[in-house]
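Input: a single structure, listed below in structure tokens.
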Amino acid sequence: MEREKRSVGGILSSLSLLCVVLDLQLDGCLAASHAEIENHLEMGRKLLAAGQLAEALSHYHSAVDGDPRNYLTYYKRAAVYLAMGKFKSALPDLSKAIDLKPDFMAARLQRGNILLKQGDTQEAKEDFEAVGHKAVLLNSPSNEEAQNQLERVRELDDRLQEAWEAYDRQDYGESISLLERVVELSPWDPNVRELRSDCYLEVGDLNKAVQDLKPTTKLRNDNRAAFLKLSKLYYTMGVHEESLSHVRECLKLDQDDKDCFSHYKQVKKLSRQLESAEELIREQRYENAIEKLEAAIKTEPHVEIYRKRAKERICHCLSKSQQTDQAITVCTEAHQRDPQNPFLLKDRADAYILNEEYEKAVEDYQQAKELDGESEEFKEGLERAQKLLKQSKKRDYYKILGVKRNANKQEVIKAYRKLAQQWHPDNFQSEDEKREAEKKFIDIAAAKEVLTDPEMRQKVDAGEDPLDPENQQGSGHHQQWPFEFNPFSSGNFHFKFNFN
């Protein structure tokens, strides 16, 4: 029995010693944990002051995890969230701080401000009234701020009601005017932005409708409806790249969304055709580009802006590929649909130049320059057309040989041979006829020389006459004739032809 007593006493003594040891260890752990939390809070404060928000937030996360019952830690983390513009994340932290300390008025005031900006006027009102009541009891200056915010709550409710009434009676301009202040008071409320966006749509201002709708994709979770609406608006405006980007955002949220997927297929097809056409134009594959552009018109026959754009590019392709008559027809039709487009006038002017209709080319370039006075391309084009018009009233080498401006060297030589034989002075009997033939023959030979010389032909195409003495001063170029004769001698003419 005595032995058992000693045994039990020994066990109790050991347990007492163990408890003492455990208490000491627990006190040490708590002390270490508290020091750690204080360190995180201090680091968070310093980093926040330095503007290193992400790093500060990381320390506040650790502080909250270390002491989830500390209301101030939640409040401080909410301050970081607000500095980062993450008001949705700040709101739960402020609510938690208030739950832990219901009379924490700074958190209530901050939460009320967020709720007001979100358009939650009833909840915001409750917070401001609670702050005001507590401030009166404590004779605190917070009461004045709370009263000011309560006045804003009342103003917001009144203005919003008036805006809806104006919208319902279809007075969209008045509704937009009222909503300007509403959005200022509650910039984080997606409902008021959607309402103003609808008003802008009703008055036909698509750009402002888009500007109001864009923020709602972030203000409202899983806002597929806004992404789809934005995509359709951009599509209607002719900005197919943005349309495709926004409908893809919708599908990221739900790849099985039928409405988004249906619209995506249409936008993707049209975008691919238009982008492919532009690539072909860069490669100067104009016929292939025209096929893609005509396909794009079939893909979207109802939105006029795409038809206009496609016709403009077809006009460009026809002008560049020197299909002058067709280019003039298509460009004219496109210009009737889109009279403010200077590029249509520019491409038609180039076609007129190839057709040697210089006065019309000058007129088109003048109109293009009036529409876009900053364009160097239009300015240079007008100067060139004016030079060609002036030159055409003097000596036109293309007309002399009867060839188009895009005739190649072989066509020029062929025309020269035919006309040289026709107007050979030895083919004529009377002196008057021979002199007339001589003049014609000189012009024919000069035209052949100029149009088969790349450098001189380039000058002609730029509106200059390389054989004009005024243009030759200082150039060092001397006229060499491809035949031998004495145009000033009397009697018989003897010509030696050089058809090379």
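Please read these numbers as outputs of a predicted model, since none were measured by experiment. For this chain, numbers begin at 1 and follow the sequence in order.
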#### Entry: Working for ring-ring contact (aromatic ring centres under 6.0 Å, His included), residues Tyr358 and Tyr365
CA-CA 10 Å; Tyr358 304 119; Tyr365 264 122; over 10 Å; no
Any donor-acceptor pair under 3.5 Å linking the side chain of [X] with the backbone of [Y]?
X      : Y      : answer
Ser245 : Glu241 : no
Thr216 : Leu213 : yes
Ser321 : Leu318 : yes
Lys434 : Pro425 : yes

Spacing of [X] atom [atom1] and [Y] atom [atom2] [to the nearest 0.5 Å]:
X      : Y      : atom1 : atom2 : value
Arg196 : Leu178 : CZ    : CG    : 11.5 Å
Asp205 : Lys208 : CG    : NZ    : 5.5 Å
His240 : Arg309 : NE2   : CZ    : 5.5 Å
Glu433 : Asn427 : CD    : CG    : 10.5 Å
Arg248 : Ser243 : CZ    : OG    : 10.5 Å
Thr324 : Asp350 : OG1   : CG    : 12.0 Å

Would you name the heavy atoms of [X] and [Y] that are closest together and state the gap between them?
X      : Y      : result
Leu354 : Ser319 : CD1-O, 4.0 Å
Val153 : Ala124 : CG2-CB, 4.4 Å
Ala296 : Leu274 : CB-CD2, 3.9 Å
Ala462 : Lys387 : O-CD, 3.3 Å
Lys404 : Tyr398 : O-CD2, 3.4 Å
Phe227 : His246 : CB-O, 3.6 Å

Heavy-atom neighbours of [X] [atom1] exceed 12 at 6.0 Å:
X      : atom1 : value
Glu180 : CD    : no
Glu359 : CD    : no
Gln458 : CD    : no
Glu283 : CD    : yes
Lys88  : NZ    : yes

### Query
Among side-chain atoms of Tyr200 and Asn207, is any donor-acceptor pair under 3.5 angstrom?
no
### Query
Is the shortest distance from a Lys or Arg side-chain nitrogen in Glu363 or Lys360 to a carboxylate oxygen in the other one below 4.0 Å?
no
### Query
Yes or no on salt bridge (charged side-chain N to carboxylate O under 4.0 Å, His left out) for Asp259 and Lys232, after CA distance, side-chain angles and deciding distance?
CA-CA 11 Å; Asp259 293 333; Lys232 288 183 175 180; over 6 Å; no
### Message
Test side chain to side chain donor-acceptor pair (under 3.5 Å) on Thr299 and Gln273; report intermediate values, then the result.
### Response
CA-CA 9 Å; Thr299 297; Gln273 289 169 335; 2.8 Å; yes
### Query
So, Tyr167 versus Tyr172, ring centres under 6.0 angstrom or not?
yes
